[in-house]
Amino acid sequence: TTTRCSVVVVGAGFSGLSAAKLLAENGVEDVVILEAADRIGGRVRKEEFGGVSVELGAGWISGVGGKQSNPVWELARQSNLRTCFSDYSNARYNIYDDSGKIFPSRIAADSYKKAVESAIRKLRKEESNHDADLSVLAETPSVPKTPIELAIDFILHDFEMAEVEPISTYVDFGEREFLVVDERGYECLLYKMAENFLFTSEGKILDSRLKLNKVVRELKHSRNGVSVKTEDGCIYEANYVILSVSIGVLQSDLISFNPPLPKWKTEAIANCDIMVYTKVFLKFPRKFWPCGPEKEFFIYANERRGYYTFWQHMENAYPGSNILVVTLTNGESKRVEAQSDQQTMKEAMEVLRKMFGPDIPDAIDILVPRWWNNRFQRGSYSNYPIYINHPLIDDIKAPLGRIYFTGEHTNEKFNGYVHGAYLSGIETSKALLEEMRIEKERNGENQAFL
Ligand code: FAD
């Protein structure tokens with residue numbers, strides 16, 4: 001079957017839906033949204049686990065309490081989303097060694113200070129490589145070696161760069177972070193947004209403009225339009241396409257372009273790093289970890305960097321849920337994705353027994369998200385260097401004829417975040433609306449000329 005429409009939006013995550021909403025609000029009614037999965041939300045996704053609702057993807061609303069208001073925080077307020085303030089900064093005082101001892105706070109604070117200074121030196125070095133200021137090159141940043149140094153290095157680089165370098169999210173929107181702990185899930189913000197422009201009933205989207213289970217496989221584009229082909233053989237003829245798939249999907253061969261993407265585009269896409277970030281959830285018959293205000297996050301220091309390092313208990317979020325979350329990234333994420341969940345549970349239990357002793361009970365359930373192996377994601381989020389190379393991101397987001405690129409990875413200031421995705425959708429649709437206006441004007445002139 002062939003369907004005609006003015007714009008096809010590929011992907012119904014935060015960016016795709018915010019893009020479609022802006023188009024609808026500006027009178028572009030015949031938008032078709034094609035989503036590969038059987039649900040909306042993309043990397044915002046909840047699942048029932050151990051009797052509560054846990055977030056497999058985005059968990060926090062980052063950037064709250066500053067001068068400007070974070071638009072995702074606004075959406076959360078409109079939906080009465082239940083959230084819980086998170087303070088990671090205490091994690092450094094709950095660092096366990098292999099024998100279950102907590103490092104004295106002075107040692108932890110000193111190691112932390114040293115790591116921050118070293119990270120700053122490293123950044124300055126990168127900066128000076130850019131600016132050819134050779135005087136800083138002589139100061140070599142120290143390489144983390146001991147378990148505590150490795151643990152802090154991991155926390156600093158995978159979670160807290162804010163303490164080293166200003167991050168736009170914190171500068172613009174504030175430094176507070178809130179964990180979403182709502183049975184409806186983070187994704188209820190998307191349903192709230194969809195309500196404004198799609199037909200919904202009893203919390204379900206029933207609008208025929210949203211099509212689920214539609215895996216886009218080919219974009220055939222020319223000066224006149226784009227023909228979108230899905231895996232089930234349907235064809236959508238559109239004047240324009242907004243492509244909101246992740247940078248990981250763009251790097252994969254899921255979608256082919258005809259004619260192929262030019263070299264500047266494929267090179268930019270290939271040069272963007274992807275972070276894999278995995279939250280492993282473990283359910284226990286009872287609690288055996290310390291609770292209380294400054295105990296939410298704790299760290300395991302091991303000679304292997306990133307090996308079950310960063311832990312969180314869910315008692316603040318859901319008291320009595322007896323759930324722990326351990327975060328793995330990149331190589332460790334890929335490793336656990338490839339092995340059985342039973343093996344991952346065994347490894348996690350070995351680590352927990354080192355921290356809390358041999359008598360703790362075994363976990364009774366485990367949940368391991370697989371963002372890397374999901375062919376509609378291929379990773380968790382884009383990871384640009386702090387000294388962002390502007391042409392790289394400009395090339396990633398630059399439209400190609402009638403194909404517009406959106407998504408968290410196209411947002412210069414807030415890439416990697418939910419609000420980055422949300423704002424990118426708006427930015428892309430604004431640019432497209434302007435292009436449509438110019439095209440209309442041009443056609444009008446041609447009409448008048450004829
Ligand atoms: P997506 O949500 O990926 O949307 C793209 C959509 O396209 C998906 O629904 C996908 O199924 C669909 N798609 C893919 N291929 C095709 C195809 N061929 N045809 C049709 N559809 C297709 N951000 C925060 O702000 N705070 C956090 O705490 C946070 N933590 C995170 C933790 C994890 C584990 C992950 C994975 C992400 C986290 N993020 C966090 C990042 C945040 O989730 C993303 O930045 C944001 O959700 C991305 O939205 P998007 O619209 O750009 O992409």
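Whatever order the structure lists ligands and atoms in, that order sets their numbers, starting from 1.
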Below 6.0 angstrom between ring centroids: does that apply to Trp60 and Tyr417?
no
Under 4.0 Å from one or more heavy atoms of Ile255, ligand 1 contributes atoms 18 (N)
Looking at ligand 1, does any of its N/O atoms fall within less than 3.5 Å of an N/O of Val44?
no
Going by the ring-ring contact (aromatic ring centres under 6.0 Å, His included) test, which pairs reach into residues 201-242, not counting sequence neighbours?
none
For ligand 1 and Ala36, I'd like to know whether there is a polar contact (N/O to N/O, distance under 3.5 Å).
yes
Out of Met275, Glu35, Glu187, indicate the one that has the non-hydrogen atom closest to atom 12 (C) of ligand 1.
Glu35
Which atoms of ligand 1 are found less than 4.0 Å from any heavy atom of Gly41?
2 (O)
For Glu183, what residues pass the salt bridge (charged side-chain N to carboxylate O under 4.0 Å, His left out) criterion, not counting sequence neighbours?
none
Between Lys46 and Leu56, is any pair of side-chain heavy atoms under 4.5 Å apart?
no
Between Lys279, Arg375, Glu408, His419, which one has a non-hydrogen atom sitting closest to atom 44 (C) of ligand 1?
Glu408
For ligand 1, which is the ligand I care about here, please tell me if Tyr381 has any N or O atom under 3.5 Å from one of the ligand's N or O atoms.
no
Asn70 side chain to Ser62 backbone, donor-acceptor under 3.5 Å
yes
Note, Ile255 side chain near Val245 side chain (heavy atom, < 4.5 Å):
yes
Proximal ligand 1 atoms for Leu34, defined as those under 4.0 Å from one of its heavy atoms
20 (C), 21 (N)
Taking distance alone, with N or O pairs closer than 3.5 Å, would you say Tyr277 contacts ligand 1?
no
So if I count the atoms of ligand 1 from 1 in the order they appear, which ones are less than 4.0 Å from some heavy atom of Lys214?
19 (N), 20 (C)
Check whether the ring centres of Tyr300 and Tyr96 lie less than 6.0 Å apart, and answer yes or no.
no
Would you kindly say whether Ser6 and Asn239 are connected by a side-chain donor-acceptor distance under 3.5 Å?
no
Does an N or O from Val215, backbone or side chain, lie closer than 3.5 Å to an N or O of ligand 1?
no
I need the atoms of ligand 1 closer than 4.0 Å to a non-hydrogen atom of Leu254, numbered in the order shown.
15 (N), 18 (N)
Atoms in ligand 1 with a heavy atom of Leu56 nearer than 4.0 Å:
34 (C)
May I ask you to check if ligand 1 and Gly59 share an N or O to N or O distance below 3.5 Å?
yes
Which is closest to atom 29 (C) of ligand 1 in terms of heavy atoms, Ala58, Ser244, Gly11?
Ala58
